[in-house]
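Structure, as structure tokens:
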Amino acid sequence: MHFTYCPHCGEHLIEKEIGDEGMIPFCESCSIPLWDIFTTCIIAAVVNEYGEIALLRQNYVSATKYVCVAGVMKTGESAEDTVIREISEETGLQVEDLHYIRSYPYDKKEMLMLGYKAIVKKKEFMLSKEVDSAEWVNPDNALRLLREGSIAWQLVREVLAAGS
């Protein structure tokens, strides 16, 4: 989100040079810079003890490709807590171990995706209403089921390269 008006007082912002940051929207009334805001989210490659990866179908995301578990961080929630909550909500699985992989900027949606590898025990999925279907996928087939170049594809590729 790019600010035009101050969210505190409603005044129209000016552009002001702020140190090494360059020109930043600035409220003269409140004397504060207002940097662009993005939504912080998680994305997780969910891997079971056999090295299989849980991939989801969510038709509101894609009618043709699979996705990984992903979701928005809530206020007061850590990224790790978000991963555990989202995996439980979307798949019914419980995280046993969690490893941060890296962050992925998603400019198109003004998001920062924090990527994780989550280890779970293989069980039958208990899907939320926002998930149309899910399946355990052999690592050799996972990348072709994801949209090439997508953040899910990048994350799974990195998890596979590191050895699932």
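Numbers for residues simply follow the sequence, beginning at 1.
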- request: Could you check if a side-chain atom of Leu56 sits within less than 4.5 angstrom of a side-chain atom of Glu90, using non-hydrogen atoms only?
  value: yes
message: Taking Met1's backbone N and O only, do any of them form a donor-acceptor pair with Glu110's side chain (distance below 3.5 Å, no angle check)?
response: yes
query: Going from CZ on Arg85 to CD on Glu77, what distance comes out if it is rounded to the nearest 0.5 angstrom?
result: 4.0 Å
task: Please tell me if the side chains of Leu155 and Trp153 come closer than 4.5 Å, counting only heavy atoms from C-beta onward.
output: no
query: Where do Leu146 and Ala152 come nearest, in terms of heavy atoms and distance?
result: CD1-O, 3.8 Å
query: After noting the C-alpha distance and the side-chain angles of Tyr104 and Met111, does the key distance pass the side chain to side chain contact (heavy atoms under 4.5 Å, CB included) rule?
result: CA-CA 9 Å; Tyr104 305 85; Met111 295 176 169; over 6 Å; no
query: Take atom CE in Met23; do more than 12 heavy atoms of anything else shown fall under 6.0 Å from it?
result: yes
- prompt: Are Pro25 and Glu15 side-chain neighbours, meaning at least one heavy-atom pair lies under 4.5 Å?
  reply: yes
message: Assigning hydrophobic clusters by single linkage (Ile, Leu, Val, Met, Phe, Trp, Tyr; side-chain heavy-atom cutoff under 4.5 Å), is Met126 placed with Val131?
response: no
message: In the structure I gave you, are the side-chain heavy atoms of Leu55 and Cys68 within less than 4.5 Å of one another anywhere?
response: yes
task: Considering non-hydrogen atoms only, spot the tightest contact between Pro7 and Leu34 and give its length.
output: CD-CD1, 3.7 Å
field: Hydrophobic cluster identity match, Leu145 and Tyr60, side-chain contacts under 4.5 Å
entry: no
query: Quick one: are Trp35 and Ile24 in side-chain contact, heavy atoms under 4.5 Å?
result: yes
- request: May I have the step-by-step check of side chain to side chain contact (heavy atoms under 4.5 Å, CB included) for Gln94 and Ile84, ending in yes or no?
  value: CA-CA 7 Å; Gln94 301 306 307; Ile84 292 165; 5.5 Å; no
statement: Contacts of Ser133 meeting side-chain contact (heavy atoms from CB on, under 4.5 Å) (sequence neighbours excluded), chain-then-number -> Arg57
field: Tyr106/Ile151 under side chain to side chain contact (heavy atoms under 4.5 Å, CB included): CA gap, chis, key distance, verdict
entry: CA-CA 8 Å; Tyr106 188 16; Ile151 292 171; 3.6 Å; yes
- prompt: What pair of heavy atoms forms the shortest contact from Ser29 to Glu11, and how long is it?
  reply: OG-CG, 3.2 Å
statement: One should read off an interatomic distance between Ser31 OG and Lys16 NZ, to the nearest 0.5 angstrom, of 7.0 Å
- prompt: What pair of heavy atoms forms the shortest contact from Ile42 to Met113, and how long is it?
  reply: O-CE, 3.6 Å
ILVMFWY network linking Ile37 to Leu13, side-chain heavy atoms under 4.5 angstrom: yes
statement: Arg157 and Leu143 have their tightest heavy-atom pair at N-CD2, 3.7 Å
message: Against Lys117, only a single residue in Ile101, Leu160, Asp97, Val156 fulfils side-chain contact (heavy atoms from CB on, under 4.5 Å); can you say which?
response: Ile101
- prompt: Side chains of Thr4 and His12: closer than 4.5 Å at any heavy-atom pair?
  reply: yes
message: Applying side-chain contact (heavy atoms from CB on, under 4.5 Å), can you list everything that pairs with Leu93, at least two apart in sequence or on another chain?
response: Val46, Ile87, Thr91, Val120, Lys123, Phe125, Trp136
- prompt: Out of curiosity, Ile14 CD1 to Cys6 SG, how far, rounded to the nearest 0.5 Å?
  reply: 12.0 Å
task: Check salt bridge (charged side-chain N to carboxylate O under 4.0 Å, His left out) between Lys121 and all other residues, then give those that pass, not counting sequence neighbours.
output: Glu96
task: To the nearest 0.5 Å, tell me how far Ile43 CD1 sits from Leu114 CG.
output: 10.5 Å
- request: Verify the distance criterion only: is there a donor paired with an acceptor across the side chains of Tyr66 and Gln58 at less than 3.5 Å?
  value: no
message: Rounded to the nearest 0.5 Å, what separates atom CD in Glu86 from atom CE in Met73?
response: 11.0 Å
field: Pairwise side-chain contact, Glu80 with Leu98, heavy-atom cut-off 4.5 Å (strictly under)
entry: yes
field: Transitive ILVMFWY side-chain link Tyr100 to Leu112, under 4.5 Å
entry: yes
message: Please give me the minimum heavy-atom distance between Ile53 and Ala142, naming the atom from each residue.
response: CD1-CB, 4.1 Å
Electrostatic pair Lys122:Glu49 at N-O distance under 4.0 angstrom: no
field: Close side-chain approach of Val95 to Ile119, heavy-atom, < 4.5 Å
entry: no
message: Pair Ile18, Phe26 - check side chain to side chain contact (heavy atoms under 4.5 Å, CB included), show working.
response: CA-CA 9 Å; Ile18 307 289; Phe26 187 84; 4.0 Å; yes
